[in-house]
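In this text, all values refer to a predicted model and were calculated from it rather than measured experimentally. Side chains are part of it too, since the values below use all heavy atoms of this structure and drop only hydrogens, waters and symmetry mates.
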Amino acid sequence: INIFENSPVNGRWLDFTVRELVPFIDSKFRTLHGPASRAITGDFFGGRGALRMAMGYPDTFGVVYALHPVATGIGNLPWNQVQIDWRRIHAAKSFDDIRGDVRAEIFVAVSQVFLPNPSRPPFYCDFFVEMKNGQLELDPENTRRSQLGFHLDGTLPEHADNLRKLRALGFEWGRFDPTQAHVISNAAFSRQLEDLRIEHEAEEYRGSTWERLWPDDGRVYTRMLPFLDRHLEFQRPTVR
């Protein structure tokens, strides 16, 4: 699972994208360099990644559109109620021991970014639920650190000036996501953007997580691509 952050134990993905991937693409293809002609998009965790890139790198990406992003906020679900097989995680000897357990993979990745511990194999991180005397116990400080980093609303005010530099910011979410925390968080994230006077488009649509995205009349073709078409520059400025 890639949550698009820098981590000392599982990769510097923000640095890779901005400092290596973008320059590589610009060197190999006939791109228009600069944020006015460069957008970033994604859905679900990719949507979070797109928003995170916009918050940190407005001089690289000038337009952002996120499809049903997650982790924009905590919503209505405290983390001590999230169903995670912590015993399996703490018993694991390698990543293969949790492979296929999506929630375990997600929260190990979150912990590797926000609770790194290079001296603690196999995942080289601490957790917000630890094993003490054979019992699982929530660690409030680790929970706070993880939530503050993982949820985008935790650092939104300090990135407000960056977001105001964007040519355009848009995101959307499906009303019927089984995890209603995502729906509540996205609506709240839009309200925060309003209070910070950050121009954006936000829409809640009648659908679920990945519903109505890729058909010919789906949201990628009718919403996302037209948004990019409206806000990106597709021609080099005329030199006089």
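- With respect to Arg219, the salt bridge (charged side-chain N to carboxylate O under 4.0 Å, His left out) criterion is satisfied by exactly one of Glu203, Glu204, Glu211: Glu203.
- Between atom OG1 of residue Thr143 and atom CZ of residue Phe114 there is a gap of 13.5 Å, rounded to the nearest 0.5 Å.
- More than 12 non-hydrogen atoms from other residues, nucleotides or ligands lie less than 6.0 angstrom from CG of Asn80.
- The CZ atom of Arg223 sits 11.5 Å away from the CG atom of Leu67 when rounded to the nearest 0.5 Å.
- Ring geometry, Tyr65 versus Phe227: the interplanar angle falls from 30° to 60°, so the pair is classed tilted.
- Taking 4.5 Å as the limit, some side-chain heavy atom of Val22 sits within range of a side-chain heavy atom of Phe61.
- Interatomic distance, CG of Leu77 versus NE2 of His182, reported as 8.5 Å (0.5 Å rounding).
- Taking every heavy atom of both residues into account, Phe4 and Leu14 meet most closely at O-CD2, 3.3 Å.
- Counting non-hydrogen atoms of other residues, nucleotides and ligands closer than 6.0 Å to CZ of Arg175 gives a total above 12.
- Note on Asp85 versus Arg88: no salt bridge recorded, every NZ/NE/NH1/NH2 to OD/OE distance being 4.0 Å or above.
- Side-chain contact check for Phe128 versus Leu138: some heavy-atom pair is nearer than 4.5 Å.
- Asn6 and Asp15 share a donor-acceptor pair across their side chains, judged by distance under 3.5 Å alone.
- Taking 4.5 Å as the limit, every side-chain heavy atom of Thr60 sits out of range of all side-chain heavy atoms of Pro35.
- Within the 4.5 Å cutoff, no side-chain heavy atoms of Val64 are placed close to those of Thr41.
- Asp26 and Thr31 are linked by a side-chain donor-acceptor pair at a separation below 3.5 angstrom, with hydrogens and angles left out of the test.
- In this structure, the side chains of Arg38 and Glu233 stay at 4.5 Å or more apart for every pair of heavy atoms.
- Remark: Arg191 engages no residue in a side chain to side chain donor-acceptor pair (under 3.5 Å) (not counting sequence neighbours).
- Shown here for Lys93 and Pro122, the closest heavy-atom pair between the two residues is O-CB, 3.4 Å.
- Proximity of Arg19 to Arg12: side-chain heavy atoms (C-beta onward) are nowhere separated by under 4.5 Å.
- Note that OG of Ser208 is 7.5 Å distant from OH of Tyr205, once rounded to the nearest 0.5 Å.
- For the pair Trp210/Trp214, no side-chain contact is recorded, criterion being any heavy-atom separation below 4.5 Å from C-beta on.
- Within a 6.0 Å radius of CD in Gln180, other residues, nucleotides and ligands contribute more than 12 heavy atoms.
- The structure places CD of Glu130 at 6.5 Å from CG of Asn142, a figure rounded to the nearest 0.5 Å.
- A pairwise comparison of heavy atoms in Pro23 and Val18 identifies CD-O, 3.3 Å as the closest pair.
- Residues Trp13 and Ile3 fall into different hydrophobic clusters, defined by Ile, Leu, Val, Met, Phe, Trp and Tyr side chains chained together at heavy-atom separations under 4.5 Å.
- Between Glu5 and Arg48 a salt bridge is recorded (basic side-chain N to carboxylate O distance below 4.0 Å).
- Contact check for Leu166 versus Leu163: side-chain heavy atoms found under the 4.5 Å cut-off.
- In this structure, a donor-acceptor pair under 3.5 Å is present between the side chains of His200 and Ser190.
- Within 6.0 Å of the CZ atom in Phe234, the count of heavy atoms belonging to other residues, nucleotides or ligands exceeds 12.
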